[in-house]
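Have a look at the structure below, then the notes.
Side chains are part of it too, since the values below use all heavy atoms of this structure and drop only hydrogens, waters and symmetry mates.
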Amino acid sequence: MSKKLKVLFFTTTYSAGGGSERVLTVLANNLPKNWDVDILEAVAFNKKKEAIKSDINILPSLVWHRCRTKFTSLLIHVLRFHPEIIKALRNLCDYDVVVGWMAIEGVSILPAFPESKKIAWFHNNIDYVKKLDFKPDAKIQHYIGTHRNRGLFSILQNACESADRIVTVSKMSNNSIASIYPEQKRKMSVIYNGTDIEDLQKMSEENITNAEIATLYDKLVKAAPILICVGHICTRKNFSLAVKALKVLKQKNVECNLVIIGSPSTEGEADYLKEVIKKCNVKENVFLLGYQTNPLPFVARAKLLLMTSLDEGFPTVVTEAMALGVPFVTTPVEGASDELLDGGRCGLLADWDEEDYASKIETLLKDEELYQSMSCNCREHVKRYSVENYVASLEKLINHIPEKNKDVCKRQNI
């Protein structure tokens, strides 16, 4: 695409250090040089500054997550229900393309831009109740309950109706959204998250910045195989399953240690996980190393990546592990259990049950031939999700959206 475009990526957050932020960085850094790209986050966490190119404009965020004031709540309410006010206040004008990146706040902005080509880009399954209702765990039931607000579904419906195209990051995510908003199915397509393999390999070779943690990790690697979880400590990531599986492995005298990289999303999440660790009597084998700006040196030296989530979109941490030749065990979540698993050639699928999950881990720890085969398959299969294909898919999508009559749309907007 040779035409110069002015593009806005409006994302829920761009500073929380999560997978969707890393994926947006990969995409933005590889877009055509003649594109004029702005990134605006609704909520700033200021946890990590992404390594974005200098010619990409990072706009000041709308709010900071620690500003728990009535004004903050009002601003988020206005964004969700009257996004045109946010557009006017921030002077968000003359964009050829607006991409709503992530639900819910990210896609909420789209109805304010009738003059632009609009893309709603979903990174997670939103069919929470249908997908999770069968799980008996009390914590999971609480997780479901937090997403039953019908107002949120109306907000997403408005965003989908406003969007010219709806992008999802896996087939399962696509199906979940289509099941809720079947009338929008014609707009929907899957674009898999891109992976910059060369950049990942370079990052994996960097030194661990914290000397104390680096020394500890060296000792752990030499002592026993490392099982690693990476992500925010929260109910959705379900790291307690990994801890319970470790208990089962310990009872079977299977030697391994569990390392968890990440910080809690909300108050109390870490306390709950520590309580599970204590009850399972595996305190000597579980290591909570906190948030790490670059987790790849840890992943590169781990034996297995554990994906224990209750739902995902297209988990970035799995593609990163695959690029480094690290197989994984996953629960039945979007992206990991279908496309990335590649029919069991890159990892193993387990249920949300510690016995089954532990069994899959044990298989890969004991069958070295199978493990090495999967390691090679991971490196090969991840090439399908190259950054070149990622950018080309977006360009093709934008080209197929009809041009807007901007004069008419501007009058409507006024």
Just so I know, are the side chains of E269 and L273 near enough to count as touching, which here means a heavy-atom distance under 4.5 Å? no
Would you say that L304 contacts F328 through its side chain, given a criterion of any heavy-atom pair below 4.5 Å between the two side chains? no
Which pair of heavy atoms, one from C346 and one from M374, lies closest together, and at what distance? C-SD, 4.0 Å
Roughly how far, to the nearest 0.5 Å, is the OG atom of S108 from the CZ atom of F81? 8.5 Å
Full working for side-chain contact (heavy atoms from CB on, under 4.5 Å) between M188 and T168: CA-CA 7 Å; M188 297 174 63; T168 60; 4.1 Å; yes
For A159 and V107, work out which heavy atoms get closest and say how close. CB-O, 3.4 Å
Considering residues, nucleotides and ligands other than E198, do more than 12 of their heavy atoms fall under 6.0 Å from its CD? no
Knowing that exactly one of E41, E50, K49 qualifies, which makes a side-chain hydrogen bond (donor to acceptor under 3.5 Å, both in side chains) with S15? E41
Is it true that, when you exclude E255 itself, more than 12 heavy atoms of the residues, nucleotides or ligands shown sit nearer than 6.0 Å to its CD? no
Could you check if a side-chain atom of N30 sits within less than 4.5 angstrom of a side-chain atom of E388, using non-hydrogen atoms only? no
Nearest heavy atoms of V299 and V326, plus distance in Å: O-CG2, 3.4 Å
Pair K252 + E362, salt bridge at N-O below 4.0 Å: yes
For S20 and Y14, run side chain to side chain donor-acceptor pair (under 3.5 Å): C-alpha distance rounded to whole Å, both residues' side-chain angles, the deciding distance at 0.1 Å, then the answer. CA-CA 8 Å; S20 62; Y14 190 59; over 6 Å; no
Separation of L227 CG from K303 NZ (nearest 0.5 Å): 10.5 Å
Can you find a pair of side-chain heavy atoms, one from I177 and one from K185, that are under 4.5 Å apart? no
Whether the side chain of R165 engages the backbone of L397 through a donor-acceptor N/O pair (distance < 3.5 Å, no angle test) should be reported. no
I want to check something: taking the side chain as every heavy atom from C-beta on, are I52 and I58 in contact at a cut-off of under 4.5 Å? yes
Please evaluate residues Q201 and E205 with respect to the criterion side chain to side chain donor-acceptor pair (under 3.5 Å), reporting the C-alpha separation (whole Å), side-chain torsions for both, the decisive distance (0.1 Å), and the verdict. CA-CA 7 Å; Q201 290 172 339; E205 295 168 1; over 6 Å; no
What do you reckon, are the aromatic ring centroids of Y385 and F314 less than 6.0 Å apart? yes
I226 versus F298: any side-chain heavy-atom pair under 4.5 Å? no
Does NZ or CZ of K118 come closer than 6.0 Å to the centre of the six-membered ring of Y95, within 45° of the ring's axis? no
Go through L62 and R90 one step at a time and tell me if the side-chain contact (heavy atoms from CB on, under 4.5 Å) criterion holds. CA-CA 9 Å; L62 297 186; R90 296 302 297 268; 3.2 Å; yes
Hey, does the side chain of E339 reach the backbone of K171 with a donor-acceptor pair shorter than 3.5 angstrom? yes
Lys/Arg-Asp/Glu bridge criterion (N-O < 4.0 Å) met for D55, K33: no
Euclidean distance, L75 CG relative to L89 CG, rounded to 0.5 Å: 8.0 Å
Output yes when a side-chain donor or acceptor of K6 lies under 3.5 Å from a complementary backbone atom of C93, and no otherwise. yes
Counting only N and O atoms by type, is there a donor-acceptor contact under 3.5 Å from the side chain of Y390 to the main-chain atoms of Y192? no
Would you say the side-chain atoms of E105 and T12 include a donor-acceptor pair closer than 3.5 Å? no
Taking V26's backbone N and O only, do any of them form a donor-acceptor pair with N29's side chain (distance below 3.5 Å, no angle check)? no
Quick one, W121 and V169 - any side-chain contact, counting heavy atoms below 4.5 Å? yes
Shortest non-hydrogen separation from Q184 to I166 and the atoms involved: CB-CD1, 3.8 Å
Just so I know, are the side chains of N34 and L5 near enough to count as touching, which here means a heavy-atom distance under 4.5 Å? no
Do the side-chain N and O atoms of S173 and S170 include a donor-acceptor pair separated by under 3.5 angstrom? yes
Mind listing the closest non-hydrogen atom pair of K404 and S116 along with its distance? NZ-O, 2.7 Å
V333 vs L310, test: side-chain contact (heavy atoms from CB on, under 4.5 Å). Steps then yes/no. CA-CA 7 Å; V333 293; L310 303 177; 5.9 Å; no
With a sphere of 6.0 Å drawn around NZ of K219, does it hold more than 12 non-hydrogen atoms of other residues, nucleotides or ligands? no
Whether R345 side chain and D342 backbone form a donor-acceptor pair below 3.5 Å: yes
Under a 3.5 Å threshold, yes or no: a donor from one side chain and an acceptor from the other, between S309 and E312? yes
To the nearest 0.5 Å, how far apart are CD1 in I260 and SG in C229? 5.0 Å
Using a 6.0 Å cut-off, check whether atom CD of E369 has over 12 heavy atoms from anything other than its own residue. no
Is it the case that the side chains of K47 and S263 hold a donor-acceptor pair, with the cut-off being a distance below 3.5 Å and no angle test? yes
Using the six-membered ring wherever Trp is involved, compare the ring planes of W101 and H123 and label them parallel, tilted or perpendicular (cut-offs 30° and 60°). tilted
Can you tell me if S386 and N389 form a side-chain donor-acceptor pair at under 3.5 Å? yes
E354 side, atom CD; I361 side, atom CD1 - distance, nearest 0.5 Å: 11.0 Å
Just verifying a value: how many Å separate T363 OG1 and D367 CG, rounded to the nearest 0.5 Å? 7.5 Å
Answer yes or no: is there a donor N or O on one side and an acceptor on the other, between the side chain of T331 and the main chain of W352, under 3.5 Å? no
Between K117 (side chain only) and V97 (backbone N and O only), is there a donor and an acceptor less than 3.5 Å apart? no
Keeping D356 on the side-chain end and D351 on the backbone end, is there a donor-acceptor pair under 3.5 Å? yes
Quick check: does any side chain N or O of D36 sit under 3.5 Å from a backbone N or O of V7, one acting as donor and the other as acceptor? no
In short, T13 meets V43 closest at the heavy-atom pair OG1-O, 2.9 Å
Worked check of side-chain contact (heavy atoms from CB on, under 4.5 Å) between T11 and L40: CA-CA 6 Å; T11 176; L40 172 58; over 6 Å; no
Hey, does the Lys NZ or Arg CZ of K244 hover above the aromatic six-ring of Y357, less than 6.0 Å from the centre and inside 45° of the axis? no
Taking the basic N atoms (NZ, or NE/NH1/NH2) and the acidic carboxylate oxygens, is any pair closer than 4.0 Å for D218 and K222? no
Count the heavy atoms of every other residue, nucleotide or ligand shown that sit under 6.0 Å from CD of E368, and state whether that count exceeds 12. yes
